[in-house]
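Below is one structure, written out as structure tokens; the observations come after it.
Heavy-atom basis, side chains included; hydrogens, waters and symmetry copies ignored. None of these values were measured; they are calculated from a predicted model.
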Amino acid sequence: MRESHVRRRVGGSYHPEPSELRLSRRQVLVAGGTGIAATALTACAGQTAPLLRPVGAGGPEVEAAERARQVAGATTASFTVNPGLATVDLGGVTVDTWAYDGVVPGPLLTADVGQTLEVTVANSLPDPTSVHWHGLALRNDMDGVPGLTQSPIAARESMTYRFSLAHPGTYWFHPHVGTQLDRGLYAPLIINDPSEPGAYDAEHVIVLDDWLDGTGENPDQVLDRLRSEGMDMGGMGGSPASEELGGDAGDVVYPYYLVNGRIGTAPQIIDALPGQRLRLRLINAGSDTAFRVALGDHHLTVTHTDGFPVQPFTGDAVLIGMGERVDVLVTVGDGVFPLVSLAEGKDGGGLALIRTGAGAAPDPDIRPLELVGRVVTVRDLRATDDVLLPERRPDRTHDLVLEGGMDGYQWTINGRTFDRAEFLQIRAGENVRLRFVNRSMMFHPMHVHGHTFQVRNSDGDGPRKDTVIVRPMETVVADLVADNPGQWLTHCHNIYHGEAGMMTTLSYVL
Ligand code: C2O
Ligand code: CU
């Protein structure tokens, strides 16, 4: 039985070879870890810019930036991670999938800011893979993007990633190969700052996911089906829609939503004491689903997003796009409380329980009122003064126009899919402004590798982030300081949009 997980079924005429994108990506750049070919910038059709030499992923500029991050006497935190085939119990539902160390989410890695992180990835998958350290300002040749910053890790081979940790916060890691992220290959990475213990009694990592692997179609089959069935452009025909997201909520139908690897009928129970202050580190590892998260009978105070601190903002619920992280503080009452991750604009959601005392477990489908209370979004948040990037006149502005292709399942940036992308050239030291201009009817959580940008909201300065939701017909301004030389993938964190072309490269040139 092969149940379709594709939401819409509208004729399309675009039938690419399954290997088309992958093949094209290989053509874009010559992998090798030490550098990329100068032809990369000129090979793109229509490229008229003067010949500028791209900074190589492992070039001297990258080495110098890494040296500047290194702390004298830094110690090393070492781990091994094994991506491989796994049979996983989601709580009464058993699925065959791909996972790190056989568990979903994968193993929690923790280290201290200033330490060197060293992770050996031993690939037991049948396919090549890589690991991307989402959100970290790290050395470019450790960024985990095959074809751009490294060669893929072949089946039965291994690779050791090693880099210094510049910033504390809530991060995560996942492959950057095809649709592997929409299997079970994701895990949290928490970087602590020992000099800043934080005003809370206990912390918990909460990883959210939309799940379909092992339930009929795997993510590659879903992508193939999206391509062969095309898409409708208007978000019509009874598509689920979300007010918070300003339109379409996704392309894919998921049978399950997980919180820390569990379905709602068998939730994880987090024990705490009444009156304790908890820090919850929420991570959206989903591929096509934004989540609206609330804890029944509680307010949430947002303190960080994408690792960086914000001026504390209290609301009832919080919206988290794919790839985003939000840290909240909550002072827990006495009883058993549902932590619900509503699949925004879709049917369903995930559940975990916070238990501080006696009480019946709530119904798995419980929808606490907080979900429809004050929902905190990026527009409510502002960076704390110590991390705020002061507004300077940009030395360079790049627009990224986000559109759905006119022909079949394609998503484009500036009218091009990734295989034909014109790289966004910048130079080290510049103040760079990126303007994400959404001209489609769906939201796109746009992610920039290797940098944390300053969001400028219409009403002023927003938070520092590495992934930001851009709603339909909205423009989001993201300013960054070009202080981390290399070739940095910039893309929609909807994995199906990314694979259907919505990727480009922020390319440091000399
Ligand atoms: Cu989680 Cu290219 O990203
Ligand atoms: Cu998208």
Count the heavy atoms of every other residue, nucleotide or ligand shown that sit under 6.0 Å from CZ of Arg396, and state whether that count exceeds 12.
-> yes
Under 3.5 Å, is there a donor-acceptor pair between the [X] and [Y] side chains?
X	Y	value
Gln180	Thr129	yes
Gln487	Ser507	yes
Asp182	Tyr496	yes
Asn218	Asp213	no
Tyr508	Asn140	no
Arg281	Thr170	yes
His491	His449	yes
Asp220	Thr179	yes
Asp141	Thr149	no
His176	Asp143	no
Tyr171	Asp466	no

Aromatic rings Phe308 and His167: how do their planes relate, parallel, tilted or perpendicular, breaks at 30° and 60°?
-> tilted
What orientation do Trp133 and Phe173 show, parallel under 30°, tilted 30 to 60°, or perpendicular over 60°?
-> tilted
Result for side-chain hydrogen bond (donor to acceptor under 3.5 Å, both in side chains) between His493 and one of Glu324, His447, His134 points to His134
Note, Asp96 side chain near Leu85 side chain (heavy atom, < 4.5 Å) = no
